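For reference, the structure discussed in these notes is given below.
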Amino acid sequence: MLRLTNTVQPYAWGSTSAIPQLLGVEPDGSPQAELWIGAHPSAPSDAEGVPLDERIAADPAGLLGGRGERLGFLLKVLAAAAPLSLQAHPDRATAARRFAEEEAAGVAPDAPHRLYKDAEHKPELLYALEPFAAVAGFRDPAAAADLLAGLRLQELPPDSADLLEALLADLRGAQEEQALRAATRRLLTAPAEAVAPLVEAVATACEDVDDPSAQCVVDLAGHHPGDPGVLVSTLLNQVRLQPGEALYLPAGNVHAYLEGTGVELMASSDNVLRGGLTPKHVDVEELLRVLDFRVLPPPLLAPRRVSDDEEVFAPADVDDFALTVLRVRPGAQTAWTAPLPRALLCLEGSVRVASARGEVVLERGQSAFAAAAEHPLTVTGEGRLAAAAPREG
């Protein structure tokens, strides 16, 4: 049972207050975007003086209980005050192949144009701690066409008018996946001199439209004027999570987190393919190769309710991770018997986690790693606990 000290990532889109509030420290005015809890080599947690990845490498059987040589998940607190990039993540086969290719080509791990930081996939879920907004997955292209065609646009330059006409023709194609593929490619590869005036005109016209997708355009254009990702957002589902709700993003799901704070759990990878809404490196062709262009509903993830106080969010298509959220009440005790490695984060109150070999008391914002060999675990106290572990079964 190891107490953890974790790295805060100061990405520009981060909230200045949400993570400091969770940790019980004074904000310093700088953005604090992500708190990483795990063993990813880019920012491993400190486990009582030793990086967690080094502890695992020294005793993988004891810490992971026979589940490989590395911790397969990464737990985060994500706090977005501004939109993140338009992005998607590769599947495992693609990540392994492309990582090997970039290694063989001698691309430096920290090179700005490096696409694959490791050989792993990066499916992820987001559990909302407060109202959380995102765009995720493609919607019916006809809905996007109707929105754009119904706008009262200012007069456009010829190149921009031609781009809009071609975009609407793409979206009204007979086959949905082909329509979305063509429209996305057209927007992300259009010359800036054509797409930027169209983004500006669409954003201006959307100010008077009572529609979530239209208001999303206005907000994104305020952060990223002229960026084609602003218009790509019209092709995507609007997702609004209330506290306690979750979404799940499998490989190939195009998305952008917009605003809010949540617990994020993913496979332990840092492979992100970006298409816009960012000053970072964008590789449109690589993004297009991994995208899933199927029309899907908003990617909400329903929990499995173990009891009135315990919910498990476990995607069915991956076994890397599951998130348990436990309400701990005075006088009650919860037992976890499965010998799984668990990363523990106290969200509220004071929670005691004990095994036959030791115990740890976690206050709000504090975290720990419970090795597989520590089980069974018992949880008591008063508060709320998030626990990340491999999916059982």
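Since the model is a prediction, treat every value here as computed from it, not as a measurement.
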Pair S30, D28: side-chain N/O donor-acceptor within cut-off below 3.5 Å
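Yes.
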Donor-acceptor pair between D118 and N271 side chains, under 3.5 angstrom:
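Yes, a side-chain donor-acceptor pair sits under 3.5 Å.
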For the residue pair V239 and P299, establish whether any side-chain heavy-atom pair is separated by less than 4.5 Å.
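In short, these two side chains touch, coming nearer than 4.5 Å.
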A side-chain contact here means heavy atoms from C-beta on lying under 4.5 Å apart; do P341 and L63 qualify?
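With C-beta onward as the side chain, the pair stays apart.
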For the pair F138 and F293, name the ring-plane relationship: parallel under 30°, tilted 30 to 60°, perpendicular over 60°.
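The arrangement is parallel - the two ring planes meet at less than 30°.
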Out of the candidates E310, E348, E311, only one should pair with R327 under the salt bridge (charged side-chain N to carboxylate O under 4.0 Å, His left out) rule; please name it.
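Among E310, E348, E311, the one meeting salt bridge (charged side-chain N to carboxylate O under 4.0 Å, His left out) with R327 is E348.
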Hey, which of R114, R98, K117 is the one that makes salt bridge (charged side-chain N to carboxylate O under 4.0 Å, His left out) with E103?
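In the set R114, R98, K117, the residue that makes a salt bridge (charged side-chain N to carboxylate O under 4.0 Å, His left out) with E103 is R114.
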Which of these, L74, L344, N6, sits in a side chain to side chain contact (heavy atoms under 4.5 Å, CB included) with I37?
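The side chain to side chain contact (heavy atoms under 4.5 Å, CB included) with I37 is passed solely by N6 among L74, L344, N6.
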Donor-acceptor pair, [X] side chain versus [Y] backbone, under 3.5 Å?
{"X": "R384", "Y": "V351", "value": "no"}
{"X": "S355", "Y": "H375", "value": "no"}
{"X": "T184", "Y": "R181", "value": "no"}
{"X": "N237", "Y": "A136", "value": "yes"}
{"X": "T94", "Y": "D91", "value": "no"}
{"X": "R139", "Y": "Q238", "value": "no"}

Salt bridge or not between [X] and [Y]? Use side-chain N to carboxylate O under 4.0 Å.
{"X": "R185", "Y": "E285", "result": "yes"}
{"X": "E245", "Y": "R240", "result": "no"}
{"X": "E120", "Y": "R92", "result": "yes"}
{"X": "R391", "Y": "D319", "result": "no"}
{"X": "E374", "Y": "R357", "result": "yes"}
{"X": "E177", "Y": "R294", "result": "no"}

With ring-ring contact (aromatic ring centres under 6.0 Å, His included) as the criterion, how do F132 and Y257 come out once you've worked through the C-alpha distance, each side chain's angles and the decisive distance to 0.1 Å?
CA-CA 8 Å; F132 195 95; Y257 293 152; 5.2 Å; yes
Measuring from atom CD of E165 to atom OG of S160, what distance do you get when rounded to the nearest 0.5 angstrom?
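These two atoms lie 13.0 Å from each other.
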Pairwise distance CG(L296) to CG(N253) - rounded to 0.5 angstrom:
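One gets 7.5 Å once the value is rounded to the nearest 0.5 Å.
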Check L347 against A386 and note the closest heavy-atom contact, atom names and distance.
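Answer, listing the atom of L347 first, then A386: CD1-CB, 4.0 Å.
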Give me the atom names and distance for the closest heavy-atom approach of P20 to E26.
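Closest heavy-atom pair between P20 and E26: CB-C, 4.4 Å.
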Dump the intermediate steps for side-chain contact (heavy atoms from CB on, under 4.5 Å) on D210 and Q215, then the final yes or no.
CA-CA 7 Å; D210 184 16; Q215 291 308 303; 5.9 Å; no
Any chance you could lay out the side-chain contact (heavy atoms from CB on, under 4.5 Å) test for V77 and W36, step after step, and finish with the verdict?
CA-CA 7 Å; V77 177; W36 285 32; over 6 Å; no
